[in-house]
A.B. asks: 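I'd like to ask you about the structure that follows.
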Number of protein chains: 2
Amino acid sequence: MAGKNLVGPEADALDLGAVFRALADEHRRSVIARLAADHSDSERGCNSFDLPISKQTQTHHFRVLREAGLVDEIDYGNRKGIRLRRADIERRFPGLLALLGAEPPGGTAPR
Amino acid sequence: MAGKNLVGPEADALDLGAVFRALADEHRRSVIARLAADHSDSERGCNSFDLPISKQTQTHHFRVLREAGLVDEIDYGNRKGIRLRRADIERRFPGLLALLGAEPPGGTAPR
DNA sequence: TTTCAGGTACGATGCAAGTCGTACCTGAAG
DNA sequence: CTTCAGGTACGACTTGCATCGTACCTGAAA
């Protein structure tokens, strides 16, 4: 019931390469951009992003985001929530999240 | 003798996805980090970075950096120079270059 | 002109990554 | 218990990408 918090890297261990690799994908970047735009930093359901990809692929992307240290994932068994690790990101890479707002809302048109 | 300036995207056309993809690679990130650390922004020889990779691969990486809009490449025929597009980058993605300094000098150990 | 070092072009290779199909698990609601 | 939707595990496929080998180009210097 409580939900298990899946493990990610410590705040000090955030790797810029992994972060850039995670944010290089349009889908993952749009997720982080939307989380960053909501300053309440509340937990959010994993299927509330309307990503135009299959469930399995979404699982993959959320895992990459967690392993890069950008989000916490909370596992409730039959559903899952994620929360932006804003404080950790801002401490280690100040200004990074603000950059995501420099993109048009819909993101760059896919090739 | 003058050197031809190879083409890259306009300042307004810088794409965050392409930039993140370019900076996801350790070698390219180390090049940009070193350029960003030198505030004189002078032109620099392409083989002054001591990258532990072949000539052909270096050609590839510098092309990626240019196509992402991060550097200008000046072709002199039998040698080449690059220059950081600091103003364009700062205008479009303020604070991005500062993030590269948040990494230890040697960068993360290569896999 | 010949030599030479820096750079490019093209192709091949190996590996990482995005995507999905099938099967299965999990907890909540009937 | 049964049903059902959200999520995962595993595997396959495809694409992208970092890397290098071979061959060639370019300009400077001997």
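Within every chain, numbering begins at 1; the chains are lettered A, B, ... in the order of the sequence lines, protein sequences first and strands thereafter. These numbers come from a predicted model, not from an experiment.
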A.B. asks: Can you name the nearest heavy-atom pair linking A:Ile82 to A:Val31, along with the distance?
C.D. replies: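 Looking at all heavy atoms of both residues, the shortest contact is CD1-CG1, 4.1 Å.
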A.B. asks: For D:dT19, take OP1 and OP2 only and decide whether either is under 4.0 Å from a side-chain N or O of B:Thr57.
C.D. replies: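 Looking at the OP1 and OP2 atoms of D:dT19, neither is under 4.0 Å from any side-chain N or O of B:Thr57.
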A.B. asks: Counting only side-chain heavy atoms from C-beta out, which of C:dC20, D:dA18, C:dG18 sits nearest to B:Arg28?
C.D. replies: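 Closest nucleotide to the B:Arg28 side chain: D:dA18.
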A.B. asks: With the side chain of B:Gln56 defined as its heavy atoms from C-beta on, choose the nearest nucleotide among D:dT22, D:dT8, C:dC20.
C.D. replies: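 Nearest to the side chain of B:Gln56 among the choices is D:dT22.
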A.B. asks: Is there a donor-acceptor contact under 3.5 Å linking the side chains of A:Arg63 and A:Thr59?
C.D. replies: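 No pair is found: no donor N or O on one side chain lies under 3.5 Å from an acceptor on the other.
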A.B. asks: Take the protein atom CZ of B:Arg29 and the nucleotide atom P of D:dA18, then report the distance between them rounded to whole Å.
C.D. replies: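 For the pair B:Arg29 CZ and D:dA18 P, the rounded distance is 12 Å.
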A.B. asks: How long is the line joining CD1 of B:Ile74 and P of D:dG27, in whole Å?
C.D. replies: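 Value for this atom pair: 16 Å.
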A.B. asks: Measure from CZ on B:Arg21 to P on D:dT15 and round the result to the nearest Å.
C.D. replies: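 Rounded to the whole Å, the gap is 17 Å.
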A.B. asks: Do the side chains of A:Arg86 and A:Asp38 get close enough for a salt bridge, i.e. N-O under 4.0 angstrom?
C.D. replies: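 Salt bridge: no.
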A.B. asks: So what does B:His60 touch, heavy atoms closer than 4.0 Å: a base, only the sugar-phosphate, or nothing?
C.D. replies: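 It contacts base atoms.
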A.B. asks: With respect to the phosphate group of C:dT19, does any side-chain polar atom (N or O) of A:Ser54 fall under 4.0 Å of OP1 or OP2?
C.D. replies: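 For A:Ser54, the contact criterion (side-chain N or O under 4.0 Å from OP1 or OP2 of C:dT19) is not met.
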A.B. asks: Report the distance from atom CG of B:Leu6 to atom P of C:dG7, rounded to the nearest whole Å.
C.D. replies: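 It works out to 12 Å between those atoms.
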A.B. asks: To the nearest angstrom, how far is B:Ile53 atom CD1 from D:dG21 atom C1'?
C.D. replies: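 From B:Ile53 CD1 to D:dG21 C1': 16 Å.
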A.B. asks: Counting the atoms with a prime plus P, OP1 and OP2 as sugar-phosphate, which does A:Asp75 contact under 4.0 Å by heavy atoms, base, sugar-phosphate, or nothing?
C.D. replies: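 Nothing: the residue A:Asp75, judged by heavy atoms under 4.0 Å, touches no strand.
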A.B. asks: If we only count heavy atoms from C-beta on, is the B:Asp15 to B:Pro9 side-chain gap below 4.5 Å?
C.D. replies: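 With C-beta onward as the side chain, the pair stays apart.
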A.B. asks: Nearest whole angstrom, please: distance from the C1' of C:dA16 to the CD of B:Glu26.
C.D. replies: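 To the nearest whole Å, that distance equals 14 Å.
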A.B. asks: Determine whether B:Leu35 and B:Phe49 make a side-chain contact, defined as any pair of heavy atoms from C-beta on separated by less than 4.5 Å.
C.D. replies: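 When only atoms from C-beta onward are counted, B:Phe49 and B:Leu35 do touch, with a gap below 4.5 Å.
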A.B. asks: How would you summarise protein contacts on nucleotides 1-6 of chain C per nucleotide, using B for base, S for sugar-phosphate only and - for none, with heavy-atom distances below 4.0 Å?
C.D. replies: -----B
A.B. asks: I need the NZ-C1' distance between A:Lys4 and D:dT8, as an integer number of Å.
C.D. replies: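 After rounding, the gap between these two atoms is 12 Å.
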A.B. asks: Does A:Arg21 reach the main-chain N or O of A:Ala68 with its side chain, forming a donor-acceptor pair under 3.5 Å?
C.D. replies: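 A pair under 3.5 Å: no.
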A.B. asks: How many whole angstroms separate atom CG of A:Leu51 from atom P of D:dG7?
C.D. replies: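 Rounding to the nearest Å, CG of A:Leu51 and P of D:dG7 are 11 Å apart.
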A.B. asks: Give a yes or no on whether a salt bridge exists between B:Arg91 and B:Asp12, defined as a side-chain N under 4.0 angstrom from a carboxylate O.
C.D. replies: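 Salt bridge: yes.
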A.B. asks: Compare side-chain N and O positions of A:His61 against OP1 and OP2 of C:dA17 and report whether any pair is under 4.0 Å apart.
C.D. replies: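 It does not, given that no N or O in the side chain of A:His61 lies less than 4.0 Å from OP1 or OP2 of C:dA17.
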A.B. asks: On the nucleotide D:dA18, are OP1 or OP2 found under 4.0 Å from the side-chain N or O atoms that B:Arg63 carries?
C.D. replies: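 For B:Arg63, the contact criterion (side-chain N or O under 4.0 Å from OP1 or OP2 of D:dA18) is not met.
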